[in-house]
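Down below is the structure, laid out as structure tokens.
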Amino acid sequence: MRTLVLLVAVAVAGCGDDSESGSGLTVVATTTQAADLARAVGGNRVSVDGMLPPAGDPHDYEPRPSDVEAVAGAAVVFRSGGEVDDWLADVIDNAGGDAEVVSLIDSVNRLGDDPHWWQDATNGVRAIEAIRAELSKADPDGRAAYTRNAARTIRGLERLDQKISACIERVPAAKRKIVTTHDALGYFARRYGVDVVGAVIPSLSTQAQASAGDVQRLVEQIRREDVEAVFPESSVNPDVERAIAREAGARIGDSLYADSLGPKGSPGETYAGALAADAAALVRGMSGGRVNCDGALAAASGS
């Protein structure tokens, strides 16, 4: 258990982008993905306080006193669910309050204990529906706005999902193999027909550690299966991935927004943008640069 400084006050959060006037509803979201989707559905009727900063690693996040403040004053808390934000329990215990806690992973098509559900765009759609339903319950006067915002966001994700599938299909099936920092791409692989050959950290969490034997076996597997590229993640130091790629004779791919969205102004600033950027990077890497879908995916994501 992490020790939190108990400081209870009403949270002040950012605004969404819907044109309707605000309802005064405040919500908290644990991960960057949950926060972005909550803002998309809530629009200007809802103030969303995201706990995790862009490019942060949710697996090793240390809650702050301001998180306790935010939860204490919130009507709803949207958590991603699973191991990535199990630290939320300490925050809730310290904050008190009467916020409704909604675990988005309970609404998606789960893959065992893997918490990285957002890597499948259809799970993003399911999460949006859960957010819409909860905001409509907390703020019945805003039901029409939430329904409209959710429908617009879902249409965009459905288009992106189709574009990603079409782009992956352009990569020869035998080349649809990836190695990443940790086991964060299982949902992407299941949805879009990609084989995750291995991970530098063979765990669902970045907090695990790989042994020298694990690394050597991974190098041999990359060579044996003729994997084109090793993909680091934006929230961790890529030095080990670079060394493994060099030893195995593979390329180093562009960094992925595996656990967190990117900072403002980056391709991964939004949920859709991060998913599109990751898909484009994976396609370039898997194909050895012979297939490029950057423009089509960026356009589909609205970035």
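Along the sequence shown, the residues carry numbers beginning at 1.
- Residues Pro267 and Tyr257 come closest through the heavy atom pair CD-OH, 3.6 Å.
- Cluster annotation: Leu160 and Leu261 are assigned to distinct hydrophobic clusters (Ile/Leu/Val/Met/Phe/Trp/Tyr, side-chain heavy-atom contacts under 4.5 Å, transitive).
- Between Ile178 atom CD1 and Met286 atom CE the span is 7.0 Å, to the nearest 0.5 Å.
- Distance check: Trp118 CH2 to Thr32 OG1 gives 7.5 Å after rounding to the nearest 0.5 Å.
- Residues Ser260 and Leu52 meet the side-chain proximity criterion, which asks for heavy atoms closer than 4.5 Å.
- Taking CG of Asp226 as the reference point, atom NZ of Lys175 lies at 3.5 Å (rounded to 0.5 Å).
- Here the side chains of Tyr192 and Val283 are not in contact, with every heavy-atom distance at 4.5 Å or above.
- Between Arg223 and Glu220 there is no salt bridge, since none of the side-chain N atoms of the basic residue sits less than 4.0 Å from a carboxylate O of the acidic one.
- Remark: Arg190 CZ is packed, more than 12 non-hydrogen atoms of other residues, nucleotides or ligands lying under 6.0 Å away.
- Annotation: the span from Leu297 atom CG to Ile164 atom CD1 amounts to 6.0 Å, rounded to 0.5 Å.
- Salt-bridge check for Arg176 with Glu169: passed, with a basic side-chain N closer than 4.0 Å to an acidic carboxylate O.
- Taking every heavy atom of both residues into account, Ile105 and Gly81 meet most closely at CG2-CA, 3.8 Å.
- A pairwise comparison of heavy atoms in Ile131 and Ala38 identifies CD1-N, 3.9 Å as the closest pair.
- Minimum interatomic distance between Ala258 and Glu233 (heavy atoms only, all atoms of both residues): CB-CD, 3.5 Å.
- Val48 and Ala29 get closest at one heavy-atom pair: CG1-CB, 4.5 Å.
- In this structure, Leu282 and Val194 have side chains that are not in contact, with every pair of non-hydrogen atoms separated by 4.5 Å or more.
- Scanning for side chain to side chain donor-acceptor pair (under 3.5 Å) contacts around Gln162 gives an empty result, with sequence neighbours left out.
- Distance check, rounded to the nearest 0.5 Å: CG of Asn149 to CG of Leu37 gives 12.5 Å.
- Tyr146 and Phe78 end up in the same hydrophobic cluster when Ile, Leu, Val, Met, Phe, Trp and Tyr side chains are linked at under 4.5 Å.
- For Arg242, the side chain to side chain donor-acceptor pair (under 3.5 Å) partners at least two apart in sequence or on another chain are Asp239.
- In the hydrophobic cluster analysis, where Ile, Leu, Val, Met, Phe, Trp and Tyr join through side-chain heavy atoms closer than 4.5 angstrom, Val46 is grouped together with Val41.
- Judged purely by distance below 3.5 Å, without hydrogens or angles, the side chains of Ser80 and Gln33 never pair a donor atom with an acceptor atom.
- Between the NZ atom of Lys264 and the OG1 atom of Thr270 there is a distance of 13.0 Å, given to the nearest 0.5 Å.
- Arg64 is not listed as a side-chain neighbour of Glu69, based on a closest heavy-atom distance of 4.5 Å or more.
- Of all heavy-atom pairs between Ala189 and Val196, the closest is CB-CG2, 3.7 Å.
- Side chains of Ile244 and Val240 form a contact here, defined as non-hydrogen atoms less than 4.5 Å apart.
- Under a 4.0 Å N-O distance rule, the pair Arg191/Asp161 qualifies as a salt bridge.
- Residues Phe231 and Leu185 form no side-chain contact, since every pair of their non-hydrogen atoms from C-beta on lies 4.5 Å or further apart.
- Two residues are said to be in side-chain contact when any heavy atoms from C-beta on lie closer than 4.5 Å; His59 and Val84 meet this criterion.
- For the salt bridge (Lys or Arg N to Asp or Glu O under 4.0 Å) condition, the pairs that include at least one residue of residues 278-288, sequence neighbours left out, are Asp254-Arg284, Arg284-Asp294.
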